[in-house]
Amino acid sequence: MAKFGMPSESFHGTCRDLTFEGKGVVVDGKRTVFVNGVFPGESGEFEIAYRRNGSFYGRVKRLDVVSPDRIAPKCKICSSCGGCQFQQYAYKAQLEYKTKKVKEQFRKIAHMDVDVLPTIGMDDPYHYRNKIQMPFGKDARGNIYCGFYKENTHIIVPVTECYIEDKRAAKILQTVKKLMKSFRIEPYDEDARSGVLRHLLIRTSHYAPEIMVVLVTNVNSFPSRNNFVHELVKECPEITTVVQNINTRQTNVILGERERVLYGPGKIRDSLNGVEFNISAKSFYQTNPVMTEMLYDKAMNAAKLEKTDVVFDAYSGIGTIGLIAARHVKRVISVEIVEAAVKDAVRNAKNNNIKNFNVYCDDASSFMVRMAEKKEHVDVLFMDPPRKGSDERFLNALLKLKPSRVVYVSCDPSTLARDVAYISQSYKIESIQPMDMFPQSFHVETVVSLCLRKK
Ligand code: SAH
């Protein structure tokens, strides 16, 4: 990251558009500069902050023309914290941006001109997140703080109140900070690779009064661990389980492999679309429970499930999509790579007395290739891969298996467009529905319904 000239260079410019990462595209004569917190139609004085990979990044100095979509943010630190790009952007405009972004990614990446339904948003787009993870630091006076990393850095912006998190997290964070000080538990120092607590992860249940706290530590054991947990649960009786996760690696990945349950069952329960789920620390679980139920409703409707259907749920996490579908179909096969999530899925099937469900711990592509080799019959494929999308092995096997319907749930419209383009000779798009799982951010979730073309 090269610093640009000192003192920083100012210029006058106008914001023409927003990038897929929600940055304002500000044009100053010949140059394009990407700026956070500025919206289309706004103009004023900007300065260059830094240059990376040949692109210029800047910040707002003064705005002369302000967008009618600009609103006062609830959060005072939204410009410095990397979490919310859009707190100053009216919610309706956020939703319109997301619809346009999905359409644009299909145009740019898939070279397809597609119809995209309007993005479905939340009635109350705040305090929706059920998963909170924060690193810790210590100031010169020895006070402990926690927060989020400033964009593209490892500098922690201290946060005391976050407007997108479950409200119950704030008290727990406060208590942990206080107890760390009194028990002399040091925050992890990335440079020195010393200290104890790397991250705190809080997971809240939407329907059950259950909360999980995960202490991600740099060490196996630390003095007064039991007393610390005892005090924490005493002061926050809403916590129903505490897990220690040990991560001694020099990495940006938050969770390590090993874990130890320090209090309670090591899991929390929640329910989605009438099915109960156990969630353990390492399993993926959607972070916006209100919108997740709507997302799965949309996915089920898109699949047009029938009683005789064989359903395949790939990248299944703790089994959510497959288990919700199971009651409406003959049989469900799921595949997921994380062992802890597969164990959760097995338990979830049992607890809900769902017997027509089988889950396998494997790489989705390898599993899919074997299914295609064995010429298995599948009517409906749900696929919900991580951000990087699926791969050619998976998609080639899909083209051999030929399920009559495919429902692709995606958290990244660019890899979604790439993968849909790959199968578009055999599959026709029926609908593209973006859903706002992540209000105040540039992220968007999309459900695409596809059907096999009749030859
Ligand atoms: N469908 C689930 C999970 C979606 S997140 C839900 O809605 O909750 C994507 C999931 O894909 C994660 O659980 C991740 O562990 C899993 N995954 C990532 N790479 C994979 C691979 N190569 N094969 C199978 N699963 C994979």
Side-chain angles (χ1 to χ4, degrees), residues 129-131 203 205-206 253-257 267-303 311-326 332-349 352 354 357-372 380-398 406-413 415-416 419 433 435 437-438 443-448:
R129 274 188 75 93
N130 60 7
K131 179 179 168 189
R203 257 186 170 164
S205 166
H206 187 60
V253 178
I254 294 178
L255 293 179
E257 284 298 315
K267 300 180 185 315
I268 55 168
R269 289 170 303 164
D270 204 353
S271 80
L272 289 168
N273 308 66
V275 180
E276 195 179 289
F277 293 99
N278 273 278
I279 308 141
S280 56
K282 279 192 267 179
S283 299
F284 175 89
Y285 189 62
Q286 291 279 3
T287 54
N288 182 335
V290 172
M291 289 305 286
T292 300
E293 292 204 288
M294 217 184 278
L295 174 77
Y296 292 156
D297 264 346
K298 289 284 169 205
M300 294 304 136
N301 287 339
V311 168
F312 181 33
D313 177 17
Y315 312 92
S316 59
I318 58 168
T320 42
I321 294 177
L323 288 168
I324 292 166
V332 175
I333 308 154
S334 293
V335 64
E336 159 65 42
I337 206 161
V338 172
E339 202 181 324
V342 172
K343 282 188 180 153
D344 284 346
V346 170
R347 187 171 302 107
N348 290 333
N352 288 283
I354 294 172
F357 172 89
N358 289 95
V359 56
Y360 299 89
C361 186
D362 203 345
D363 165 54
S365 304
S366 307
F367 191 83
M368 190 76 171
V369 167
R370 282 203 304 279
M371 295 247 302
V380 179
L381 166 71
F382 287 101
M383 54 188 289
D384 184 4
R387 207 160 281 169
K388 69 174 194 249
S390 190
D391 59 25
E392 290 190 6
R393 281 173 70 223
F394 185 97
L395 297 171
N396 287 334
L398 189 173
V406 174
V407 179
Y408 193 141
V409 179
S410 156
C411 58
D412 187 328
T415 53
L416 169 73
D419 293 349
Q433 176 65 71
M435 313 272 302
M437 306 289 283
F438 318 104
H443 294 288
V444 60
E445 190 90 8
T446 313
V447 182
V448 178

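These figures come from a predicted structure and were not determined experimentally. Every number for a ligand or one of its atoms is a count from 1 in the order of the listing. The residues of the chain are indexed from 1 along the displayed sequence.
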Would you say the side chains of Y315 and S390 form a donor-acceptor pair under 3.5 Å? yes
Would Y360 and F367 count as a close aromatic pair, with their ring centres under 6.0 Å? yes
Smallest heavy-atom separation, A349 atom then F357 atom, equals CB-CD2, 3.6 Å
If you take all heavy atoms of A314 and L381, which pair is closest and at what distance? CB-CD1, 4.3 Å
Looking only at protein heavy atoms, which one is nearest to atom 17 (N) of ligand 1, and how far off is it? I337 CG2, 3.7 Å
Who's closest to atom 5 (S) of ligand 1 heavy-atom-wise, of Y315, F284, F367? F284
Numbered atoms and elements of ligand 1 in range of V338, under 4.0 angstrom, heavy atoms: 15 (O)
Just distances here: any N/O of P385 and N/O of ligand 1 closer than 3.5 Å? no
Compute whether any side-chain donor of one residue and acceptor of the other, for D344 and S283, lie under 3.5 angstrom apart. yes
Under 4.0 Å from any heavy atom of D363, which atoms of ligand 1 are there? 21 (C), 22 (N), 23 (N)
Tell me the closest heavy-atom pair linking G317 and A345, and the distance in Å. O-CB, 4.4 Å
Atom 16 (C) of ligand 1 has as its nearest protein heavy atom E336 OE1, 3.2 Å
Protein residue, atom and distance nearest to atom 9 (C) of ligand 1, heavy-atom basis: D384 O, 3.3 Å
Looking only at protein heavy atoms, identify the closest one to atom 23 (N) of ligand 1 and say how far it is in Å. A364 N, 2.8 Å
Among all protein non-hydrogen atoms, which one is nearest to atom 18 (C) of ligand 1, and what is the separation to 0.1 Å? P386 CG, 3.6 Å
With a cutoff of 4.0 Å, is S316 in contact with ligand 1, counting heavy atoms of the residue only? yes
One pair to check against side chain to side chain donor-acceptor pair (under 3.5 Å): S366 and R393. What are the steps and the verdict? CA-CA 8 Å; S366 307; R393 281 173 70 223; 3.1 Å; yes
Relative to the heavy atoms of D362, which atoms of ligand 1 are at a distance of less than 4.0 Å? 23 (N), 24 (C)
Would you sort out whether D270 and Y285 count as a side chain to side chain donor-acceptor pair (under 3.5 Å), showing the intermediate values? CA-CA 10 Å; D270 204 353; Y285 189 62; 3.3 Å; yes
Can you find a heavy atom in the side chain of F382 that is under 4.5 Å from one in the side chain of S316? no
Counting heavy atoms only, which of F277, Y285, Y296 comes nearest to atom 8 (O) of ligand 1? Y296
Closer than 4.0 Å to some heavy atom of T320 - which atoms of ligand 1 meet that? 2 (C), 6 (C), 7 (O), 8 (O)
